[in-house]
Amino acid sequence: MAKDPVAQQMEVIRRGAVAIVPEAELEARLRAAIAESRPLRVKYGADPSAPDIHLGHTVPLGKLRQFQDLGHLVVFIIGDFTALVGDPSGRSKTRRRLSPQEVKENALTYQDQVFKILDRERTEVVYNSHWLSPMRFPEIVDLASRATVARMLERDDFAKRYREGKPISVLEFLYPLMQGYDSVMVRADVELGGTDQTFNLLLAREIQREYGQPPQAIVTLPLLEGTDGVQKMSKSLGNYIGVSEPPRDIFGKVMSVSDELMWRYYELLSRLSAPEIAAGREECRRGTNPIVWKKKLAYELAARFSDPGQAAAARDYFEEVHQKKEVPERMPEVEVGEEALSGGTIPIIDLLRLAGLVPSNAEARRKIAEGAVSYDGEKVNEHGALVRVKDNGVLKLGKRKFRRTRLSGGRKNN
RNA sequence: GGGGAGAUACCGAAGCGGUCAAACGGGGCAGACUGUAAAUCUGCUGGCUAUGCCUUCGGAGGUUCGAAUCCUCCUCUCCCCA
């Protein structure tokens with residue numbers, strides 16, 4: 001007997017998801033959609049507070065893509081209103097408010113990146129400021145009356161902060177409400193999000209019910225750990241790999257994750273099937289150097305966000321610089337003007353600063369004392385050292401920061 | 001509205017009149033070891049025209065030879081009571 005199409009779709013949706021709540025409702029929706037031959041409206045929201053999409057975002061985006069491939073419509077909400085207000089959550093630091101201009105720019109670069117994964121044809125992009133901005137106070141009051149403080153405090157991070165005596169602003173209570181209202185406005189059938197969004201996604205169901213809509217089904221996806229392997233990937237923690245980064249950086253960052261984390265990345269990011277990944281794991285257990293598999297993953301990801309040629313170049317670079325410890329062929333250049341030289345030499349500290357490798361003279365001195373600095377293969381140990389600058393010389397700080405020095409032969413004013 | 005506690009460097013957190021550019025932990029950077037791994041060990045982690053000088057302990061004043069430390073006011077946060 002041929003497989004039921006609903007069961008088939010459910011199987012695809014379930015793969016890699018943490019939870020589907022409630023499964024039966026999603027099934028019912030799929031069944032109705034097929035019967036009426038209309039696509040489900042699958043909601044996903046993102047705040048354009050930072051312009052970069054990183055690998056962590058690609059986990060839900062990949063799932064959205066699967067929905068699209070099953071014939072459904074993605075409603076991509078750009079939370080420009082949210083970004084404008086400036087989410088105050090997270091520690092004592094008040095997040096800087098973005099200007100409308102910045103939000104607009106971020107939103108645009110955001111879309112470019114998103115469509116590296118999503119199918120533009122099956123995506124509806126909407127801005128939540130369209131309905132949130134014009135709301136009047138009576139409407140907001142009405143919305144606010146739909147949830148209770150006790151309910152809000154069920155959310156784990158609120159409860160935790162409350163317990164620890166950390167501030168929670170009323171505005172933060174409003175956030176889940178706005179998000180829920182978004183679901184009402186776009187008539188979401190399904191909403192996707194990371195597991196950290198579980199509360200908001202569930203609350204949106206209640207809001208929809210309050211406004212007389214059938215509640216959306218929700219699909220939660222695992223949060224990807226950042227390159228440190230501990231905290232979730234996020235830009236502010238600096239442990240992210242951005243999809244718009246140069247392939248060389250993507251490759252390098254993937255290579256720097258621990259062996260254990262590599263398998264996690266395989267599961268959440270790779271297009272390889274589960275059995276293929278399991279086989280790789282087994283291979284390594286039997287003695288294959290994990291670097292082989294790490295390179296494979298690094299290549300796959302670098303290629304996905306650029307192209308195979310560039311990914312291969314990134315791999316060559318990695319092998320040459322880090323494995324063979326050779327000096328890379330291409331590196332940023334620093335131009336040394338005649339006015340900076342005296343008798344063809346320049347104090348090493350000045351050179352480091354000129355190259356932008358250190359933020360202060362004191363830092364330069366420290367790095368020199370640590371034996372981290374070399375020029376043209378020769379270690380510089382004296383912080384008062386003068387180096388004779390060559391055209392095409394190589395200044396190195398630490399293991400991987402290189403600058404090629406260029407003499408700006410006489411042409412001063414350009 | 002009343003009472004209490006608190007605000008310290010990137011984060012957490014000591015210090016409570018001089019010896020404080022400020023303990024300790026985390027993070028970050030560098031060195032060793034490696035597979036640019038991870039883990040571990042070690043060092044560094046305000047700036048400068050540098051054996052000295054300058055700025056920094058929520059903000060503004062004040063006391064003092066001297067203040068992160070004491071006083072006044074202000075701003076913000078938390079707790080208890082109403």
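Labels below follow one simple rule: chain letters A, B, ... track the order of the sequence lines, proteins then strands, and each chain is numbered from 1. Remember, predicted model here, so these are calculated numbers, not experimental data.
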Enumerate, atom names and distances included, each donor-acceptor pair closer than 3.5 Å involving a side-chain atom of residues 272-279 of chain A, sequence neighbours excluded.
from   : atom 1 : to     : atom 2 : distance (Å)
A:S273 : OG     : A:E276 : N      : 3.4
A:S273 : OG     : A:E276 : OE1    : 3.0
A:E276 : OE1    : A:S273 : N      : 2.8

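Summarising the geometry, the separation between CG on A:N289 and C1' on B:U36 is reported as 13 Å, rounded to the nearest angstrom. If you measure from atom CG of A:D259 to atom C1' of B:U36, you get 13 Å, rounded to the nearest angstrom. Here the C1' atom of nucleotide B:C44 and the CD1 atom of A:I368 are 14 Å apart, to the nearest Å. Atom CZ of A:R366 and atom C1' of B:U42 are 17 Å apart (whole Å). Straight-line distance from the CZ atom of A:R163 to the P atom of B:C78: 16 Å, rounded to whole Å. If you take CZ of A:R264 and C1' of B:A38, they are 17 Å apart, rounded to a whole angstrom.
For B:U72, the paired base is B:A60 (Watson-Crick or G-U wobble, both distances below 3.5 Å). Pairing for B:A13 is absent, with no Watson-Crick or G-U wobble pair whose two atom distances lie under 3.5 Å. Here B:C78 sits opposite B:G4 as a Watson-Crick or G-U wobble pair (both hydrogen-bonding atom distances under 3.5 Å). A 3.5 Å limit on both hydrogen-bonding distances identifies no Watson-Crick or G-U partner for B:C20. Of all nucleotides present, none satisfies the Watson-Crick or G-U wobble test against B:G66 with each distance under 3.5 Å. Both distances falling under 3.5 Å, in either a Watson-Crick or a G-U wobble arrangement, place B:C44 opposite B:G28.
Using bins of under 30°, 30° to 60° and over 60° for the plane-to-plane angle, the ring pair A:F251/A:F318 lands in the tilted bin.
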Strictly under 3.5 Å: I want the nitrogen or oxygen pairs between protein and nucleotides 53-59 of chain B, one per line.
none

For nucleotides 49-52 of chain B, tabulate all protein N/O to nucleotide N/O atom pairs closer than 3.5 Å, reporting atom names and distance.
from  : atom 1 : to     : atom 2 : distance (Å)
B:U49 : OP2    : A:N361 : ND2    : 3.0
B:A50 : N6     : A:R365 : NE     : 3.0
B:A50 : N6     : A:R365 : NH2    : 3.2

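Using P as the reference atom, B:A32 and B:G6 are 47 Å apart when rounded to the nearest Å. Here the separation of B:A50 from B:G17, taken at their P atoms, is 36 Å to the nearest Å. Comparing the same atom, P, in B:G25 and in B:U45 gives a spacing of 14 Å after rounding to whole Å. For the P atoms, the distance from B:A5 to B:C71 is 12 Å, rounded to whole Å. Between B:G66 and B:U55, the distance separating the two P atoms is 15 Å to the nearest Å. Taking atom C1' in both B:C57 and B:A13, one finds a spacing of 13 Å when rounded to whole Å. Taking atom C1' in both B:G4 and B:G52, one finds a spacing of 47 Å when rounded to whole Å. Taking atom C1' in both B:G27 and B:C20, one finds a spacing of 23 Å when rounded to whole Å.
Separating the CD atom in A:E370 from the CG atom in A:N381 is a distance of 12.0 Å, to the nearest 0.5 Å.
For A:E282, the CD atom is densely surrounded, since the number of other residues' heavy atoms within 6.0 Å is greater than 12.
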task: Summarise how protein sits on nucleotides 26-33 of chain B as a single string, 5' to 3': B when a protein heavy atom is under 4.0 Å from the base, S for sugar-phosphate-only contact, - for no contact.
output: ---BSS-B
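Scored by the side chain to side chain donor-acceptor pair (under 3.5 Å) test, A:D249 finds no partners at all (sequence neighbours excluded). Take A:H54 and apply the side chain to side chain donor-acceptor pair (under 3.5 Å) test, not counting sequence neighbours, and it matches no residue. Applying the salt bridge (charged side-chain N to carboxylate O under 4.0 Å, His left out) test to A:K296 and every residue at least two apart in sequence or in another chain returns nothing. The ring-ring contact (aromatic ring centres under 6.0 Å, His included) check on A:Y211 picks up A:Y181, with sequence neighbours excluded. Residues meeting the side chain to side chain contact (heavy atoms under 4.5 Å, CB included) test with A:A369, sequence neighbours left out: none.
A cation-pi arrangement is present between A:K253 and A:Y240, with the terminal nitrogen or guanidinium carbon under 6.0 Å from the aromatic centre and inside a 45° cone about the axis.
Listed by first and then second residue, the salt bridge (charged side-chain N to carboxylate O under 4.0 Å, His left out) pairs that reach into residues 373-386 of chain A are A:D376-A:K390, sequence neighbours excluded. Among pairs with a residue in residues 57-68 of chain A, those fulfilling salt bridge (charged side-chain N to carboxylate O under 4.0 Å, His left out) read A:R65-A:D69, at least two apart in sequence or across chains.
Across A:M152, A:R146, A:R151, a single residue satisfies side-chain contact (heavy atoms from CB on, under 4.5 Å) together with A:T148, and that is A:R151. None of A:R404, A:R406, A:R403 except one satisfies the side chain to side chain donor-acceptor pair (under 3.5 Å) rule with A:E333; the exception is A:R406.
In terms of phosphate contacts, A:S360 brings a side-chain nitrogen or oxygen within less than 4.0 Å of OP1 or OP2 of B:G47.
A:S183 and A:Q208 are not linked by any side-chain donor-acceptor pair at a separation below 3.5 angstrom, with hydrogens and angles left out of the test.
Between A:F158 and A:F173, the distance from one ring center to the other falls under 6.0 angstrom.
For the pair A:K294 and A:Y162, both in contact range of RNA chain B, the more 5′-proximal nearest nucleotide belongs to A:K294.
Counting any heavy atom pair closer than 4.0 Å across all strands shown, A:R353 reaches sugar-phosphate atoms only and no base atom.
Within residues 314-328 of chain A, the residues that place at least one heavy atom under 4.0 Å from RNA chain B are, in residue-number order, A:F318, A:H322, A:Q323, A:K325.
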